[in-house]
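A quick write-up on the structure given underneath.
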Amino acid sequence: MKHFKVFVFLLLICITNTRAWSQAVSGAAIPVPTAADVGAGKLPADIAPVKAPFPMPVFAKPVFPALTISIADRGARPGTLVTKVIQAAIDEASNRKGGTIVIPAGNWKTGRIMLKSNVNLHVSEGAELHFSAEIEDYLPAVFTRNEGVELMSLGALVYANAQENIAITGKGKLVGPPDGPLRQRYMNVNVIEKVVPADKPVSERIYEGKDGGFIFPPMFISPINCKQVYIEGITLQNTPFWNVVPVYCDNVVIRGITVHSVGIPRGDGIDIESSRNVLIEYCTLSCGDDCFTIKAGRGEDGMRVNKPTENVVIRFCLAREGHGGITCGSETAGMIRNVYVHDCVFDDTDTGLRFKTRRSRAGGGDHLTYERVRMNLRGDAVKFDMLGSRQYVGELADRLPARPVDRLTPAYRNITVRNIVIDKARTFIDITGIPESPAANLLIENAVVNARTAFKASDADGITVRAASITVTDTLLRALDVRNVLFQKVYFNVPGRQLAMDIEGGNSKNIRFVDCVPARPEGLIEQRRP
């Protein structure tokens with residue numbers, strides 16, 4: 001079918017507004033929080049029951065034995081490296097069936113800390129735990145996952161593997177390493193799948209900086225293969241890489257933490273990776289990369305592991321500066337499914353709801369729900385970025401030609417967004433799908449939107465916007481190989497009281513406007529050009 005371009009001047013049909021729809025498009029019926037209502041400063045004492053559109057466990061605060069050990073009582077002194085004291089206290093408590101290790105007020109210096117079962121690492125108010133910049137303070141190499149690929153490297157500043165009932169609590173601060181070998185010798189010149197051979201056993205993928213070799217940067221806090229993980233109240237700053245990263249974990253609660261990583265490349269806030277039954281609430285993140293992120297492994301290695309991220313609830317959280325407020329991907333191999341985000345605020349963030357993958361990443365996302373979200377953004381509100389750039393995936397970033405669908409073809413589908421207020425954005429909906437795997441089944445309803453541009457999409461199928469008030473300065477809507485699009489009961493507030501729509505591509509079809517209201521009804525004019 002030959003490509004065609006249609007310029008449609010939309011003279012939308014006046015309707016008799018019901019009271020409910022009138023309230024919805026004015027925002028009166030959309031009870032979204034403000035920045036003052038959410039985040040770490042609003043953390044309640046108890047965990048409220050979780051209500052989600054999929055089954056979730058009952059979350060409770062962990063219980064630890066009465067044993068309490070202060071590192072100051074075991075010989076730790078400010079200004080000296082106290083790694084061995086902290087680790088000995090953790091090992092002792094775990095061997096004695098559990099307890100709490102207290103980091104008292106003061107400045108303390110440490111290397112890698114390894115949590116053990118039934119131990120709570122409590123960082124007291126006024127305590128600052130500063131991490132070393134020397135690679136040797138994080139050796140030997142441990143099993144970890146870096147950007148969705150399994151390998152042996154430094155792991156994390158606070159690390160745990162195959163442990164159960166572990167916690168990090170308190171109102172103290174954890175400070176990442178200053179400039180030094182740890183930050184100067186990590187791999188950052190290529191994409192990870194071109195560096196780590198997929199056919200080499202994981203036990204032989206060792207990157208620990210020996211003989212001038214590079215390392216993979218450690219996460220700040222990363223439990224792997226753990227059950228019942230609890231993190232509450234702490235502040236993290238100056239991470240060398242992603243901040244809080246549960247990998248292959250089950251039953252994770254992250255409450256009331258604060259992250260500062262603005263200016264740090266790849267300084268993600270919270271990354272949930274191939275984990276399940278996760279609750280994140282009342283957190284405040286200001287990040288150098290994405291704020292709240294959901295991942296599930298990368299490409300061939302992620303397919304080999306084949307572990308999804310599923311059953312994740314994020315509520316009452318605040319995303320400040322960062323690339324994305326809530327991001328799915330771009331590592332999607334094991335599938336991301338059953339994610340529910342509600343009552344959150346993105347304030348001065350770049351993108352709001354971000355869906356990322358690449359042709360070679362596999363898997364994708366399914367059944368993702370977002371409700372009662374407020375966005376004040378520098379960039380786009382709902383953004384699909386499924387192709388990426390040649391820098392990372394070469395010619396696979398080229399939209400055409402369409403490729404055959406295979407085991408590495410990712411897909412995003414069944415995404416619902418309800419009751420949102422977008423105070424400011426560049427674009428309301430911005431979709432870059434994959435020609436052979438279009439972004440599919442996106443429903444947005446009950447929305448109040450203020451943006452520069454309302455809609456631009458390529459390679460999408462099944463987009464519905466219902467009961468919305470959209471105020472934009474750009475009168476042009478753009479569609480390229482987009483089908484089955486419905487705008488229903490949408491009030492468009494645009495300059496000149498007139499919209500134009502640019503439709504291209506032989507696959508574009510069934511784009512409808514039903515019961516929509518312009519500022520001034522003027523009929524429908526359609527022009528077709530070869």
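Everything quoted here is computed from the prediction, not taken from an experiment. Numbers here simply count residues along the sequence, with the first being 1.
- Scanning all heavy atoms of the two residues, the minimum distance from Gly329 to Thr293 falls at O-CG2, 3.6 Å.
- The two residues Ala93 and Gly99 have their closest heavy-atom pair at CB-N, 4.2 Å.
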> Between Asp459 and Ile434, does a side chain to side chain contact (heavy atoms under 4.5 Å, CB included) hold up when you go through it step by step?
Replying inline: CA-CA 6 Å; Asp459 303 305; Ile434 300 173; 5.9 Å; no
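- Sorted by first and then second residue, the salt bridge (charged side-chain N to carboxylate O under 4.0 Å, His left out) pairs with a member in residues 54-72 read Lys61-Glu232; sequence neighbours excluded.
- Within the 3.5 Å criterion, the main-chain N or O of Cys249 finds a donor-acceptor partner in the side chain of Ser275.
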>> The test is side chain to side chain contact (heavy atoms under 4.5 Å, CB included); show your working for Cys283 and Ile270 and say whether it passes.
In response: CA-CA 10 Å; Cys283 294; Ile270 298 174; 4.2 Å; yes
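- Remark: Lys109 engages no residue in a side-chain hydrogen bond (donor to acceptor under 3.5 Å, both in side chains) (not counting sequence neighbours).
- The two residues Val85 and Ile71 come nearest to each other via the heavy atoms CG1-O, 3.8 Å.
- The closest donor-acceptor contact from the side chain of Arg205 to the backbone of Ala198 lies under 3.5 Å.
- Contacts of Asn251 classified as side-chain hydrogen bond (donor to acceptor under 3.5 Å, both in side chains), with partners at least two apart in sequence or in another chain: none.
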> Would Glu321 and Ser286 satisfy side chain to side chain donor-acceptor pair (under 3.5 Å), going step by step from the backbone distance to the final call?
Replying inline: CA-CA 5 Å; Glu321 188 170 346; Ser286 303; over 6 Å; no
Please set out all donor-acceptor pairs under 3.5 angstrom arising from side-chain atoms of residues 35-51, sequence neighbours excluded.
unit_1	atom_1	unit_2	atom_2	d
Asp37	OD2	Thr34	N	2.8
Asp37	OD2	Thr34	OG1	3.0

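- The ring-ring contact (aromatic ring centres under 6.0 Å, His included) search around Tyr207 returns Phe214, Phe216, not counting sequence neighbours.
- Scanning all heavy atoms of the two residues, the minimum distance from Ile103 to Ala127 falls at O-CB, 3.5 Å.
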> Passes salt bridge (Lys or Arg N to Asp or Glu O under 4.0 Å), Arg276 versus Asp250? Steps please.
Replying inline: CA-CA 5 Å; Arg276 63 191 308 271; Asp250 190 352; 3.4 Å; yes
> Checking side chain to side chain donor-acceptor pair (under 3.5 Å) for the pair Thr169/His122: CA distance, chi angles, key distance, verdict?
Replying inline: CA-CA 5 Å; Thr169 62; His122 184 80; 2.9 Å; yes
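- Counting heavy atoms from C-beta on, the side chains of Phe59 and Arg255 never come closer than 4.5 Å.
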> Can you check salt bridge (Lys or Arg N to Asp or Glu O under 4.0 Å) on Asp350 and Arg378, steps first, answer last?
Replying inline: CA-CA 5 Å; Asp350 186 2; Arg378 304 176 187 179; over 6 Å; no
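- The aromatic rings of Phe384 and Phe355 sit parallel to each other, their planes meeting at less than 30°, with 60° as the upper class boundary.
- Asp301 is not listed as a side-chain neighbour of Val196, based on a closest heavy-atom distance of 4.5 Å or more.
- In this view, Ala402 and Pro435, Glu436 satisfy the side chain to side chain contact (heavy atoms under 4.5 Å, CB included) rule, not counting sequence neighbours.
- With a 4.5 Å cut-off on side-chain heavy atoms, Leu129 and Ile86 count as touching.
- For the pair Ser132 and Tyr138, the minimum side-chain heavy-atom distance is below 4.5 Å.
- With sequence neighbours left out, Asp343 forms a side chain to side chain contact (heavy atoms under 4.5 Å, CB included) with Pro33, Phe316, Arg372.
- When all heavy atoms of Gly325 and Thr349 are compared, the closest pair comes out as N-CG2, 3.5 Å.
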>> Thr409 vs Asp406, test: side chain to side chain donor-acceptor pair (under 3.5 Å). Steps then yes/no.
In response: CA-CA 5 Å; Thr409 303; Asp406 60 24; 3.2 Å; yes
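- Side chains of Ile90 and Met114 form no contact here, defined as non-hydrogen atoms less than 4.5 Å apart.
- Looking at Arg359, its side chain does come within 3.5 Å of a backbone N or O of Asp398 through a donor-acceptor pair.
- Side chain of Glu204 to main chain of Val202: no donor-acceptor pair is present (N/O by atom type, distance under 3.5 Å, no hydrogens or angles).
- The distance from atom OG of Ser274 to atom CZ of Arg145, rounded to the nearest 0.5 Å, is 4.0 Å.
- With contacts defined as side-chain heavy-atom distances shorter than 4.5 Å, the pair Glu208/Ile135 does not qualify.
- The side-chain hydrogen bond (donor to acceptor under 3.5 Å, both in side chains) check on Asp290 picks up Thr327, Arg354, with sequence neighbours excluded.
- Applying the side chain to side chain contact (heavy atoms under 4.5 Å, CB included) test between Ile168 and each of Ile257, Ile234, Ile113, Asn120 identifies Ile234 as the sole match.
- Taking OG1 of Thr110 as the start and CZ of Phe131 as the end, the distance is 5.5 Å to the nearest 0.5 Å.
- Applying the salt bridge (charged side-chain N to carboxylate O under 4.0 Å, His left out) definition to pairs two or more places apart or across chains, those involving residues 332-341 are Glu310-Arg337.
- To the nearest 0.5 Å, atom CD1 of residue Ile326 and atom OH of residue Tyr370 are 7.0 Å apart.
- Take Pro438 and apply the side chain to side chain contact (heavy atoms under 4.5 Å, CB included) test, not counting sequence neighbours, and it matches Asp461, Arg483.
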> Passes side chain to side chain contact (heavy atoms under 4.5 Å, CB included), Arg403 versus Leu396? Steps please.
Replying inline: CA-CA 9 Å; Arg403 275 69 169 178; Leu396 292 179; 4.1 Å; yes
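- Shown here for Glu147 and Arg266, the closest heavy-atom pair between the two residues is OE1-NH1, 3.5 Å.
- Judged purely by atom type and a 3.5 angstrom limit, Asn238 uses its side chain to pair as donor or acceptor with the backbone of Pro177.
- For His323, there are no ring-ring contact (aromatic ring centres under 6.0 Å, His included) partners two or more places apart in sequence or in a different chain.
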> Asp380 and Arg426: salt bridge (Lys or Arg N to Asp or Glu O under 4.0 Å), yes or no, with the steps?
Replying inline: CA-CA 5 Å; Asp380 307 317; Arg426 180 175 56 205; 3.0 Å; yes
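- Under the 4.5 Å side-chain criterion, counting only non-hydrogen atoms from C-beta, Arg112 is not in contact with Asp137.
- Proximity of Cys317 to Leu285: side-chain heavy atoms (C-beta onward) are nowhere separated by under 4.5 Å.
- Qualifying side-chain hydrogen bond (donor to acceptor under 3.5 Å, both in side chains) partners for Thr332, counting only residues two or more places apart in sequence or in other chains: Thr357.
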> What do the steps show when you test Phe346 against Arg374 for side chain to side chain contact (heavy atoms under 4.5 Å, CB included), and what is the final call?
Replying inline: CA-CA 6 Å; Phe346 312 150; Arg374 181 181 298 274; over 6 Å; no
